[in-house]
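Sequence positions, counted from 1, serve as the residue numbers for this chain. One-based numbering, in listed order, for ligands and for the atoms of each. These figures come from a predicted structure and were not determined experimentally.
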Amino acid sequence: MERMLELQKLNKYFFKGTVDERWAIRNLNLCVSPGEFITIVGSNGAGKTTLLNLISGTYLPDTGKILIDGKDVTNLPAYKRAHFMGRVFQDTFRGTAASLTIEENLAIAYLKGKKKGLRIAIKDKMRRYFREKLAEIGLGLEKRLGDRVGLLSGGQRQALALLMATMGNPKILLLDEHTANLDPKTGEKIMNLTTSLIAENGLTALMVTHNLNDALRYGTRTLLMDEGEVVLDIAGEERKKITVNELLERFSAARHKDFAEDRALLSS
Ligand SMILES: Nc1ncnc2c1ncn2[C@@H]1O[C@H](COP(=O)(O)OP(=O)(O)OP(=O)(O)O)[C@@H](O)[C@H]1O
C-alpha cells in the first residue's frame, strides 16, 4: 500500500533523565495514505502538538522512524522539510508576516523551493495567479494585494495562511487548532476553505482540533490520543456512523477513565 507518512515506534521525551521527565509520545505507529485527511483529538497534554512537531521536524524524536513519501526524514531538521510541508497554527499571527503586503506574503510561499532563475520571469503570471486564488476564497482580498497583512482580521489572516501553506502542494499539511481563535462563523468559513483546498490539491492532512463534532464532521479518519498514544483510530463506515457520545464511551472503555477535556466537551 502506498504511504505518504509512516511513523514507526516513535518516542519523544522532554527533560529526559531529570525529575521532570515527560514521555510526550509513546511507541507511536501510524501509516497515512496519500489524500487522507486525519483529525486528531485528545485530552490536554495528550501529545497532539508534539506529534505535529515531530512530523514537521521542529523536534526530533528520541527513538523511532519517520518516513515521508517513502523517504526517511527522521533526522532531517525542520528547515530542510519546509519545502514539502505546510503548516497553519492556532495563533493567527504565526502563518503570515504582518509588516509585509498580501502580495509579498504570497510571493514568499509561491517561490518557496523554486529555482532563482525562475523568480524574475514570473511576476505578472504570479500576480494573476494570486488574484485568482484570493478571489476563490471570497473575502475580497484579491483587490487588496498591496495592503499590509497587519490590517487584516484574524479570519482573513488564517485564510491567507492556509492559501500560503497549500500553495506549493506540500506532501503533508499540518493544521494545529487553526480555527480555535476564531468566532464560530469565521471558523466554519475557514474549515470550508480548508476542506476545499485539501480536496482540490489532493493533499494529505493532519488536523488537531478540540472540537469533537468537527473531528468527526471533517476529514476521512479520526485519531483519539491520550498520554502520547493513539487510543482510537476510526475511519470509513464506522466513522460515518459514530456519534460524539459513542466516541467518548469508547475512549472510557479503552482507558478506564473519562475523556477529560473541558474545551472539547464545551464545544460538543
Ligand atoms: N517544549 C516542551 N518542553 C517540555 N515539555 C513539553 C514541551 N512540549 C510539550 N511538552 C509536554 O509534552 C506533553 C505533550 O504536550 P503537547 O503539547 O504535545 O500536548 P497536546 O495534546 O497538544 O496538549 P494541548 O491540547 O493542551 O495543547 C505534555 O506533558 C507537555 O507538557
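Between L51 atom CG and Y59 atom OH the span is 12.5 Å, to the nearest 0.5 Å. Rounding to the nearest 0.5 Å gives a distance of 11.5 Å between CD1 of I40 and NE2 of H210.
Annotation: G47 places an N or O atom under 3.5 Å from an N or O atom of ligand 1; distance criterion only.
In this comparison of V208, T49, D226, the heavy atom closest to atom 17 (O) of ligand 1 sits on T49. Selection from A24, A46, G45 by nearest heavy atom to atom 23 (O) of ligand 1 gives G45. Taking only non-hydrogen atoms, the option from E177, K48, K12, E21 nearest to atom 21 (O) of ligand 1 is K48.
Remark: ligand 1 atoms within the under-4.0 Å shell around heavy atoms of T50 are 9 (C), 14 (C), 15 (O), 16 (P), 18 (O). Close contacts of ligand 1 with R22, meaning ligand atoms under 4.0 Å from a residue heavy atom, involve 5 (N), 11 (C), 29 (O), 30 (C), 31 (O). Listed by number with element, the atoms of ligand 1 under 4.0 Å from a non-hydrogen atom of S43 are 21 (O).
Ligand 1 lies within reach of H210, whose nearest heavy atom is under 4.0 Å from it. Note on ligand 1: G42 sits outside its first shell, no heavy atom being nearer than 4.0 Å. Heavy atoms of G228 come nearer than 4.0 angstrom to ligand 1 in no pair at all.
The number of heavy atoms from other shown groups lying within 6.0 Å of NZ (K133) is above 12.
Nearest heavy-atom pair, A235 versus R221, reported as atom, atom and distance to 0.1 Å: CB-CG, 3.9 Å.
Relative to the six-membered ring of Y13, K16 meets both conditions, a distance below 6.0 Å and an angle of at most 45° to the axis.
The side chain to side chain contact (heavy atoms under 4.5 Å, CB included) with L5 is formed by just one residue from the set I66, I38, T204; it is I66.
With respect to the salt-bridge test (charged N to carboxylate O, under 4.0 angstrom), the residues K257 and D226 qualify.
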